[in-house]
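First comes the structure, then the notes that go with it.
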Amino acid sequence: MTTLSETTEILRDLIAFPTVSTDSNLACIGYLADRLERAGARVEVYQDDTGAKANLWATLGPDTDGGIVLSGHSDVVPVTDQDWTSDPFVMDERAGLLYGRGACDMKGFIAAAVAMAPLYAARDLARPIHFAFTHDEETGCLGGQALVTELQNRGYRPAMAIIGEPTEMRIIEGHKGCFEYSTHFHGLEGHGSGPDLGVNAVEYAVRYVSRLLELKDKLRHRCPPDSQFEPPWTTINTGALIGGVAHNVIPGKARVDWEMRPVQKSDADFVKQDLHHFCTHHLLPAMQAVDPSASIHTEVIGEVVGLEPMDQNAIRDLVVELTGANATDLVPFGTEAGLFQQLGMDVIVCGPGSIAQAHKPDEFVSLDQMVQCLSMLEKLGDKVSA
């Protein structure tokens, strides 16, 4: 299959761009923009405020509302301290597997979509096919959030989207959101022998964590009766409590890193409102009675909405037809899908490779999975052609 050979070469090129989230993705986006422009697509590149990161939006077919978005993130996770068999940024093909950082998460899907662009361009498309490639998905979906805002501001209204995260080509119609925070406590340092003369930031952080544990239990009772997730309720995890310098020093600073994975937006609102009330009416008055400058500040690391399963979902039904799948599924990991759903699109997650390989040393995607992905995308072109 010529398209498979072309896809493999594109994937080789993409893996060679070390687009770790801490570094620029401009070279990778420039490469993708060039390939899509040469295929005849109308390409727009949106840089972030730093000028070091960019999103790509491209369109083939009629300049109308509707159409289908093929979406992937260009960034990858670090390889630091991982034991790789081969260079993670040089694709290595062994026994039908394509190895390299980002091979499945998620440059494999991007390569397949871009390889299909010339074939789409040669067709008389009745509906547009859009390409959306973002930055910084791995660090809070920053690029995806910026892109959907850009699309909204420009009045672009696609109808459907396929997010090509690695699902082994299973059709995923739902996942929880992922909201990550760091809550900072600023108290008053002092000698451990006079605890009433200081504001112990660690102790107030511990009380905050206790509140998180109470909320964790309450969320079980807010579980929607028809929730299909596992577990079916919104979860909270306390990732770290950091603070203190010595046994005999009242710590003036502390930090709690925590996250929640809401199954419904109302749960996220409930947690945030409860914590705001708890800090405002309980913790802060006690802290500021000793030191008026004491404070609590919650830093939003990322608030990525979930993908809510919908009774009516045109892209789910279409991809079921294209792949012959007899079932759909939900997953525990997060994606950019919910961001596109918020714009009013029907959305699914479906792409080559397994999430079990993502973020690990010797990450790979199989040629068989790439063939399945290309088959789906080719049939998609048939469906949207006049």
Quiz item: Under 30°, 30 to 60°, or over 60°: which ring-plane class applies to F185 and Y208, parallel, tilted or perpendicular?
Solution: perpendicular
Quiz item: Mind checking whether Y120 and F131 have parallel, tilted or perpendicular rings, split at 30° and 60°?
Solution: tilted
Practice problem: Identify whether I171 and I163 are in the same connected component of the hydrophobic contact network (ILVMFWY, side-chain heavy atoms under 4.5 Å). | Solution: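 Per the 4.5 Å side-chain linkage, I171 and I163 are not co-clustered.
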Quiz item: Can L26 be reached from Y46 by stepping across I, L, V, M, F, W or Y side chains whose heavy atoms are under 4.5 Å apart?
Solution: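 No, because Y46 and L26 fall into different hydrophobic clusters, even though each may have its own neighbours under 4.5 Å.
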Are the side chains of [X] and [Y] in touch, meaning some heavy atoms are under 4.5 Å apart?
| X | Y | value |
| --- | --- | --- |
| K216 | T235 | no |
| W57 | F133 | no |
| T328 | I172 | no |
| L219 | V271 | yes |
| F179 | R261 | no |
| M160 | V69 | no |
| Y181 | K272 | yes |
| T59 | H130 | yes |

[X] atom [atom1], over 12 foreign heavy atoms within 6.0 Å:
| X | atom1 | value |
| --- | --- | --- |
| D217 | CG | yes |
| D83 | CG | no |
| H282 | NE2 | yes |

Practice problem: Might you point out which heavy atoms bring P195 and I250 nearest each other, and give the distance in Å? | Solution: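 Closest approach of P195 to I250, heavy atoms only: CA-CD1, 3.7 Å.
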Quiz item: Which heavy-atom pair separates W258 from V256 by the least distance, and what is that distance?
Solution: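 Scanning both residues, the minimum pair turns out to be CD1-O, 3.7 Å.
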Whether [Y] and [X] form a salt bridge (side-chain N of Lys/Arg under 4.0 Å from carboxylate O of Asp/Glu) is what I want to check.
| X | Y | result |
| --- | --- | --- |
| R255 | E299 | no |
| K360 | E363 | no |
| D136 | K53 | yes |
| D382 | R123 | yes |
| E6 | R35 | yes |
| E44 | R154 | yes |

Quiz item: With D267, which of K218, R222, R220, K176 fulfils salt bridge (Lys or Arg N to Asp or Glu O under 4.0 Å)?
Solution: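 Running salt bridge (Lys or Arg N to Asp or Glu O under 4.0 Å) over K218, R222, R220, K176 with D267 returns exactly one hit, R222.
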For the residue pair [Y] / [X], report whether a side-chain donor-acceptor contact shorter than 3.5 Å exists.
| X | Y | result |
| --- | --- | --- |
| H297 | T183 | no |
| D362 | T85 | yes |
| N248 | H191 | no |
| D368 | S366 | no |
| T134 | N55 | no |

Please check if the side chain of [X] supplies one atom and the backbone of [Y] the other of a donor-acceptor pair under 3.5 Å.
| X | Y | result |
| --- | --- | --- |
| R38 | A33 | no |
| D346 | A314 | yes |
| N200 | E203 | yes |

Quiz prompt | Approximate separation, where rounding is to 0.5 Å, of S295 OG and L283 CG | solution =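 Rounded to the nearest 0.5 Å, the OG-CG separation comes out at 12.0 Å.
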Exercise. Identify whether NZ of Lys or CZ of Arg in R101 sits under 6.0 Å from the centre of the six-membered ring of F89 and within 45° of that ring's axis.
Key: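 No; the conditions do not both hold, so R101 does not lie above the ring face of F89.
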Quiz item: Per the side chain to side chain contact (heavy atoms under 4.5 Å, CB included) rule, which among V20, T19, V76, V77 passes with E138?
Solution: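 Exactly one candidate clears the test, V77.
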